Amino acid sequence: AYFRQIPQDLGGSNVKIRLKDMFGTADLLEKQNQIIQSLQAGVPSAKENSPVAEKIFGATLDLVTNQDIIGKITNKVKSTARILNIYQVNIEEVEQKWKLYGNTLNDIRQFWHGTSPSNILSIIKNGLIIPKNYSNGRRFGPGVYFSDRLSMSLDYTLANKRNNKNVRYVFYSDVALGNVHYGS
């Protein structure tokens, strides 16, 4: 319950956790549990009393169930990767910019973009952006990097352990090609 209510950065998927070292004695653990229970008890009344929920994300995230779309994407996978779920992500601000500019370009293709789990929420909130202080996306200059091969994009992801399986995240995106550089 503690990890679900109060997320912790444990430093990656290979970290060995000793709960005794993290939580201390049974008395301290019980105190933390009481705090969590009181927080959980307050959630329903806080929701009732809040006038309007603030909209943080201008995006929708929908599980794709259309077998034609799933088949089209999975047929592009030429690796040992197994796709668990496909979500369609629509980001309002990005969609508006796409309609104004990107969609007007002639050379539009679908490519893969691999990322670490820590970037997912930022991408859903802001789209694929080029941060100023970032080490990735600099090999051929600042940019957002895509590949026509899933296996290459998977190389830029960090595995996230879920149910004893490595889970990785990639985006399959419409890309309006501009100044293209083909790497070796």
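Everything numeric in this text was worked out from a predicted model, so none of it was measured.
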Quick one: does H113's side chain have a donor or acceptor within less than 3.5 Å of a partner on S147's backbone?
no
Should D174 and Q110 count as side-chain neighbours, where that means a heavy-atom distance under 4.5 Å?
yes
Are the side chain of T157 and the backbone N or O of L154 linked by a donor-acceptor pair below 3.5 Å?
yes
For the atom pair CD1 (I123) and OG (S116), what is the distance rounded to the nearest 0.5 Å?
8.0 Å
Interatomic distance, OG@S118 vs OH@Y169, rounded to 0.5 Å, equals 11.0 Å
So F146 and S173, do their side chains get closer than 4.5 Å, heavy atoms only?
yes
Heavy-atom check, side chain of I73 versus side chain of W112, under 4.5 Å:
yes
More than 12 heavy atoms from other groups under 6.0 Å of CD on E93:
no
Take I83 and N85 through the test side chain to side chain contact (heavy atoms under 4.5 Å, CB included) and record every step on the way to the result.
CA-CA 6 Å; I83 296 176; N85 291 308; over 6 Å; no
Side chains of R109 and L177: closer than 4.5 Å at any heavy-atom pair?
yes
Rounded to the nearest 0.5 Å, what separates atom CG in D62 from atom CG in N90?
7.0 Å
Within the 4.5 Å heavy-atom criterion, are T104 and W98 side-chain neighbours or not?
no
With a 4.5 Å heavy-atom cut-off, do I86 and I69 have their side chains touching?
no
Hey, are the side chains of Y87 and V64 touching, using non-hydrogen atoms and a 4.5 Å cut-off?
no
Treat each ILVMFWY residue as a node, draw an edge where side-chain heavy atoms are under 4.5 Å apart, and state whether I91 and Y101 are in one component.
no
Quick one: CZ on R168 to CG on L84, what's the gap to the nearest 0.5 Å?
12.5 Å
Output the distance between atom OG1 (T115) and atom CD1 (I120), rounded to the nearest 0.5 Å.
5.5 Å
Heavy-atom side-chain proximity of V89 to T60 below 4.5 angstrom
no
Group every Ile, Leu, Val, Met, Phe, Trp and Tyr by side-chain heavy-atom contacts under 4.5 Å, then state whether L63 and L121 land in the same group.
yes
Between A176 and L105, which heavy-atom pair has the shortest distance, and what is it?
CB-CD1, 3.6 Å
Reported CG-to-CE distance for the pair D155 and M152, which is rounded to 0.5 angstrom
7.0 Å
Main chain of G71, side chain of N75: is a donor-acceptor contact present, judged purely on distance under 3.5 Å?
yes
Is F171 reachable from L61 through a run of hydrophobic residues whose side-chain heavy atoms are each under 4.5 Å from the next?
yes
Show your reasoning for whether side chain to side chain contact (heavy atoms under 4.5 Å, CB included) applies to F111 and L150.
CA-CA 8 Å; F111 290 114; L150 173 61; over 6 Å; no
